[in-house]
Amino acid sequence: MKEVCVILIEERLWGMEWAKKMNAALDYLESNLTGEISYAEAAARADCPAYHFQRMFSYLAGFPLSDYIRRRKLTLAAADLQVGGSKVIDIALKYGYESPEAFTRAFGQLHGLAPAEARKPGARLIACPRLTFQFEPLGGLNMNYRLEKLPPFRTIGMSARVQTNTAFEEVPILWGKAAEQGAFARFIELGEPGGPPGILGICAGGSWGQGEAFDYILGTVSRQPAPGGWTDIDFPESLWAVFEAEGHPEKLQEIWSRFYREWLPAAGYELADLPAIEAYLHPEENRNELWIPVISRA
């Protein structure tokens, strides 16, 4: 009983520290709404690799990071319009809009009226309050996972630049393109043991400046030369948390969400600065796997 209590206390402390780091990232975003925002810096404040930060934010908040920043800026802009005498163009520039037209369009999409109308008494506006992350014990349902320490391995495959908020639409397009080009047969032909099994969907990094996008590589583990037009990634030795998702591949999205919401805040591990991998196994197995690189907090 004493050991169980110690574990529960440790999990709560880890969760509180996790929430503290995520709120530090929000502090950074909030203090830079009228300046330049670096997603890489926000990720650093959260002590989270850039590979994971935007995806983790989306799963935790329920909407993309770019949407949150946009709505926070337009919330503050609405307040400026109501209490100050600044020109619309000055407020537009203050919150990073290059023209009054772009600002008016974005303002109307959120608030349903033009900036000039927001100055009128009784104008009905929409507010997006600042987020705050808190650790709350969740779950209760089993998450089947295992830890595997893998030696260095290399992957090869087809790559596409994917927007985070439209990934559900863009990734299937890449799968369709791979099928048309006979890539799956090549994956089987060139695939080798030594890493995650099956056909891999690798959520890699890229240009993490202002945009919310990542490189999605559809491929396999192999030391063979990458065919023309393909890309390769070398993975160093690392510890991986491997989660099973039974049934249809779409179940992996549920695992992603539960990983960020339930497992990571309370686990004794942190995210490693490496891409995560979705491993799509043979249909007869009726399951797939999510491979996430982690580092022990111990």
Exercise. Aromatic rings F187 and F184: how do their planes relate, parallel, tilted or perpendicular, breaks at 30° and 60°?
Worked result: perpendicular
Problem set entry | Criterion side-chain contact (heavy atoms from CB on, under 4.5 Å) on L218 and W175, from CA distance to verdict | CA-CA 8 Å; L218 184 61; W175 278 75; 3.4 Å; yes
Problem set entry | Beyond-backbone contact of L190 with W230, side-chain heavy atoms, under 4.5 angstrom | yes
Exercise. So F235 and F153, would you call those rings parallel, tilted or perpendicular, with 30° and 60° as cut-offs?
Worked result: parallel
Exercise. Hey, is R119 close enough to E117 for a salt bridge, meaning N to O under 4.0 Å?
Worked result: no
For this session: Would you verify whether the NZ or CZ of R258 falls within 45 degrees of the ring axis of W263 while also being under 6.0 Å from that six-membered ring's centre?
Result: no
Problem set entry | Verdict with reasoning, I156 to T220, per side-chain contact (heavy atoms from CB on, under 4.5 Å) | CA-CA 6 Å; I156 59 174; T220 187; 4.3 Å; yes
For this session: Verify whether one side chain among E278 and Y280 offers a donor that lies under 3.5 Å from an acceptor in the other.
Result: yes
Exercise. Does a side-chain N-to-carboxylate-O contact under 4.0 Å join K251 and E244?
Worked result: no
Exercise. Looking at side-chain heavy atoms only, is the closest gap between C203 and I277 below 4.5 Å?
Worked result: no
Exercise. Do Q253 and Y59 have a side chain donor and acceptor closer than 3.5 Å?
Worked result: yes
Exercise. Taking side chain as C-beta onward, heavy atoms only, is D27 less than 4.5 Å from R130?
Worked result: yes
Exercise. Do R186 and E189 meet the salt-bridge criterion of a basic N to acidic O distance under 4.0 Å?
Worked result: yes
For this session: Mind listing the closest non-hydrogen atom pair of E98 and L93 along with its distance?
Result: O-CD2, 4.3 Å
Problem set entry | Electrostatic pair R72-D67, nearest N-O below 4.0 angstrom | no
For this session: Indicate yes or no: at least one non-hydrogen side-chain atom of L81 is less than 4.5 angstrom from one of I91.
Result: yes
Exercise. With no hydrogens and no angle check, is any side-chain donor or acceptor of H111 less than 3.5 Å from a backbone partner on L125?
Worked result: no
